[in-house]
Every structure is written in C-alpha cells, then in structure tokens.
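Have a look at the structure below, then the notes.
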Number of protein chains: 2
Amino acid sequence: MKQPTNTPNHFEHLLDQHHLKKTAPRLKVLSMMADKETATSQPDLESLMNDVDRVTLYRILNVFEEKGIIHKVFDLNGTANYAICTSNCQEHRHHDEHLHFNCTQCNNVYCLNDLNLPAFDLPPGFKVNGFTLYATGLCPDCSKKQN
Amino acid sequence: MKQPTNTPNHFEHLLDQHHLKKTAPRLKVLSMMADKETATSQPDLESLMNDVDRVTLYRILNVFEEKGIIHKVFDLNGTANYAICTSNCQEHRHHDEHLHFNCTQCNNVYCLNDLNLPAFDLPPGFKVNGFTLYATGLCPDCSKKQN
DNA sequence: TAATCAAATGCAACACAATTGCATTTGAAT
DNA sequence: ATTCAAATGCAATTGTGTTGCATTTGATTA
Ligand SMILES: [Mn+2]
Ligand SMILES: [Mn+2]
Ligand SMILES: [Zn+2]
Ligand SMILES: [Zn+2]
C-alpha cells in the first residue's frame, strides 16, 4: 500500500523522521515545493514565504539539504533552485541522479526523475560520488509557444 | 601543422578573430586560464588579477563567454568557474559537452574534454540545445591523499 | 609619426544573495 | 504547567555581480 507523498501528513512524518521540529515555516516550505515537476528558485521561495524571515528560509533550506529532504540545482544564471528528493537520499548522501533540464526561455529547471541515465566511465583516479546530467534548451511549453 | 593553443601569440590571434582589442587585462585572463586541466573560480581570478579592476574582469569574462572563448561552470557552492573552450564554440553557440567533475575535497572543477559522453533521450516536447554531465566525488590528487 | 575615435578600462554607487551573532520565541518532553 | 534545546527574528556584514559615467587606450587613417 503506497503512501501519499505530498500531503501535509507526510510532511510532518518527514520532519519527525529527521528529528526536526514541526514548525509552520518548515511545513510551508515543503508545501511550496510539493507537486511540482520543476524546482523552485530561491527568489520565488522568498516571495512565497513573505511572512517568514529570509534568514529562516536559508536555514530551513540548508538543513533540508543536509538531511537529504531536498536538493539544490543552479540554473544558467547561477541562481539556486530547490526540489524535493524523490529517491533514497539520506543525511549527506544524496542520490538525485536524474536529468536536470533548464529551459533557456522560461528558465524553469525540470527534475526528470523517471528518465534513466546512461552509464559512463571516468579516467582512472576519479572516485565518483554522485552525478547529474544537465541539459539546456526549450521545455515543452516554451517549445509550443515558439511556433 | 597543428598550431600551439596556449601561447601568447595564439591568444592575440584569438582576440583578433573575435574583433576584440588586444589589451593587457584580456591577455592576462587568457594566460591565467591556459594550460590548466581545471577551471578557475571567479574569486581566484579576481585575486590573480589584483591590479585590474573587478568590473573590468567581469566584463572580460562576459564578453569571452558570449564569443565562445570561455565557458562557465557553477561548482557545488554556486561559485562561477571559468575555462577556455576547446571545442568549436562560436558566438552564442557553445558546445562544451564534456564531463565536469567537481571534487568535494579541493573543490576543483575538472573539464574532462577527452571523455566521450553516452547518448541519452528526453521525454517528448523537450528540445535540447546543449548538455553536460556533472559529477562529484574525489579527484585523483585528493583520492591519493585520502589513504 | 601624429591625430582621431570607438572600444575598453576604472571608479563610485548600487542590488541582491548568503552568512553570522545574539536576543527572543516555541515545540516537545517531563 | 514547567523546562530547555531548537528554531526563529533582527541587525549587521560579506561577497558576487551590475550600472552609469568619466578617463584612457589601441587600432585606424591621414
Ligand atoms: Mn532534481
Ligand atoms: Mn568545461
Ligand atoms: Zn520553458
Ligand atoms: Zn580534489
């Protein structure tokens, strides 16, 4: 019986699991990022969380990333974007090894979790810990509008 | 007869090709980034170019990137790193489609140009323009020191 | 070689992301 | 209800990157 992964209940569970207090700002951050195919940029998060202090937001994002609840991707402009981890990420052990597609038009960063990536080799001496394929171009929405 | 690709002469050639004036700051930037397997971070460049104004450095980096002379990679900390393009990059048409390896220990970003990347597919609707494989872990040097 | 002028640089001011220290508040446990 | 570490809020600071404008410089041309 599969558990729902995007309900307020699940969020509280998530915080419990990682020994984090269930606070309003934290639950709000999680609900903001839930049910989205795309990552959310730091500026967007900041304006969505208008009643919460900027510093608090940064601290929440940092602790969520450390715990493996969310992961960070930088877009073409160097802006941080955040998305909830779907895979089995743990504290200091992320495995978000999916394709990140950054649309050059709308600037959205897509987490294409379902796509399986090809294997690759490295020159001797390099010890790989994690990887991601990063692609740029036009997303489906912007691709349509182009015509 | 292959031309050398890292000499002061070649740098002047490069600037000529792109209709850029051969100035001291520009040649200095090129020589800083030459003959390195790893990209150079903005902070490092800034301290290496201590006699040149910060703004000038930013403008040089921007124009070099536009012209396809260098490319930018963000490391794990979101810091911009720059490296000379080896492939056939043109104005607004970069094809630096190689592996970028970011060492979690020394934070160096390696441009592994010689490694050929596997092909991959995308869901329908996405129009790919460019891509890079981004891996993290331990570089050969740090891997050795670890033992 | 000297004059010319757009291109490039330098400087001051600014915008914004991110961090730090410390006082205050709050959630969970007793 | 009491307690206290954990979390938040606020003020100040650092660092990256940008913009406007005055000054300098390198390529062109007389
Ligand atoms: Mn992702
Ligand atoms: Mn590269
Ligand atoms: Zn788009
Ligand atoms: Zn290293």
Side-chain angles (χ1 to χ4, degrees), chain A residues 8-9 11-32 39-67 69-82 91 107 109, chain B residues 8-9 11-32 39-67 69-82 91 107 109:
Chain A
N9 258 339
F11 296 151
E12 303 203 355
H13 234 89
L14 207 55
L15 295 179
D16 266 342
Q17 276 174 28
H18 293 94
H19 312 293
L20 297 173
K21 283 191 190 173
K22 296 167 227 164
T23 66
R26 284 175 177 169
L27 291 167
K28 194 168 182 181
V29 167
L30 288 175
S31 71
M32 290 307 183
T40 315
S41 72
Q42 185 281 328
D44 282 0
L45 277 172
E46 193 171 319
S47 57
L48 288 166
M49 306 274 301
N50 49 352
D51 53 331
V52 175
D53 193 80
R54 283 169 35 80
V55 180
T56 301
L57 175 57
Y58 279 112
R59 287 196 271 234
I60 290 173
L61 294 173
N62 284 338
V63 76
F64 280 6
E65 198 190 5
E66 278 173 21
K67 297 287 187 177
I69 297 172
I70 63 174
H71 61 281
K72 175 162 41 168
V73 196
F74 294 101
D75 66 21
L76 287 165
N77 309 313
T79 302
N81 285 247
Y82 298 89
E91 186 147 6
N107 204 47
V109 176
Chain B
N9 258 338
F11 297 150
E12 303 204 355
H13 235 90
L14 207 53
L15 294 179
D16 266 340
Q17 274 175 29
H18 293 95
H19 312 294
L20 297 173
K21 283 191 190 173
K22 296 169 228 163
T23 66
R26 285 175 175 168
L27 291 168
K28 193 168 182 183
V29 167
L30 289 174
S31 69
M32 290 307 183
T40 315
S41 72
Q42 185 281 327
D44 282 359
L45 277 171
E46 193 171 319
S47 57
L48 288 167
M49 307 274 302
N50 50 351
D51 52 333
V52 174
D53 192 81
R54 284 169 27 81
V55 179
T56 301
L57 174 57
Y58 279 110
R59 287 196 270 235
I60 289 173
L61 293 173
N62 285 337
V63 76
F64 280 6
E65 198 189 5
E66 277 172 22
K67 298 285 188 178
I69 298 173
I70 63 174
H71 62 281
K72 176 165 35 172
V73 196
F74 295 103
D75 66 22
L76 287 166
N77 309 311
T79 303
N81 285 247
Y82 297 89
E91 186 149 7
N107 204 47
V109 175

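So that the names make sense, note that chain A is the first sequence line, chain B the second, and so on, each numbered from 1.
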Problem - Any B:Val52 side-chain heavy atom under 4.5 Å of B:Val29 side chain - result: no
Exercise for the section: For A:Lys67 and D:dA7, give me the distance from atom NZ to atom P, rounded to whole Å. Expected result: 8 Å
Exercise for the section: Answer with base, sugar-phosphate or nothing: what part of the nucleic acid does B:Asn62 contact at a heavy-atom distance below 4.0 Å? Expected result: sugar-phosphate
Handout entry: Separation of atom CZ in B:Phe74 from atom P in D:dT16, rounded to whole Å
Key = 13 Å
Exercise for the section: Mark yes or no for a side-chain to base donor-acceptor pair under 3.5 Å between A:Arg59 and D:dG9, with no hydrogen or angle criteria applied. Expected result: yes
Exercise for the section: Quick one: closest heavy-atom pair of A:Leu45 and A:Met32, and the distance? Expected result: CD2-CB, 4.1 Å
Completion exercise
Here the distance between atom C1' of D:dT3 and atom NZ of A:Lys21, to the nearest Å, is 11 Å
Completion exercise
With the side chain defined as heavy atoms from C-beta on, A:Thr56 is closest, among D:dG17, D:dT8, C:dA17, to D:dT8
Handout entry: Whole angstrom value for the distance that separates P of C:dA8 from CG of B:Leu57
Key = 15 Å
Handout entry: D:dG17 base / B:Arg54 side chain donor-acceptor hit below 3.5 Å
Key = yes
Exercise for the section: Locate the shortest heavy-atom distance separating A:Leu15 from A:Lys22; write the atom from each residue and the value. Expected result: CD1-CA, 3.8 Å
Practice task
With DNA chain D as reference, determine whether A:Val52 or B:Glu46 sits nearer its 5' end, using the nearest nucleotide of each.
Solution key: A:Val52
Exercise for the section: Figure out the CG/C1' separation between A:Asp16 and D:dA6, and round it to whole Å. Expected result: 15 Å
Handout entry: B:Tyr58 side chain near B:Gln42 side chain, heavy-atom distance below 4.5 Å
Key = yes
Fill in the blank from the handout: Heavy-atom nearest pair, A:Phe74 first then B:Asn77, reads CZ-C, 3.8 Å
Practice task
Write down the distance between CG (B:Leu61) and P (D:dT16), rounded to a whole number of angstrom.
Solution key: 13 Å
Fill in the blank from the handout: Between CZ of B:Phe64 and C1' of C:dA7 the distance, given in whole Å, is 14 Å
Handout entry: Residue met sooner reading DNA chain C from 5', once B:Val55 and A:Thr23 are mapped to nucleotides
Key = B:Val55
Exercise for the section: Take atom CD1 of A:Ile60 and atom C1' of C:dA17, then tell me their distance rounded to the nearest Å. Expected result: 17 Å
Exercise for the section: Look at the side chain of B:Pro25 and decide which nucleotide, out of D:dT16, D:dG9, C:dT9, has an atom nearest to it. Expected result: C:dT9
Handout entry: Upstream residue (5' side of DNA chain D) when A:His19 and B:Tyr58 are each assigned their closest nucleotide
Key = A:His19
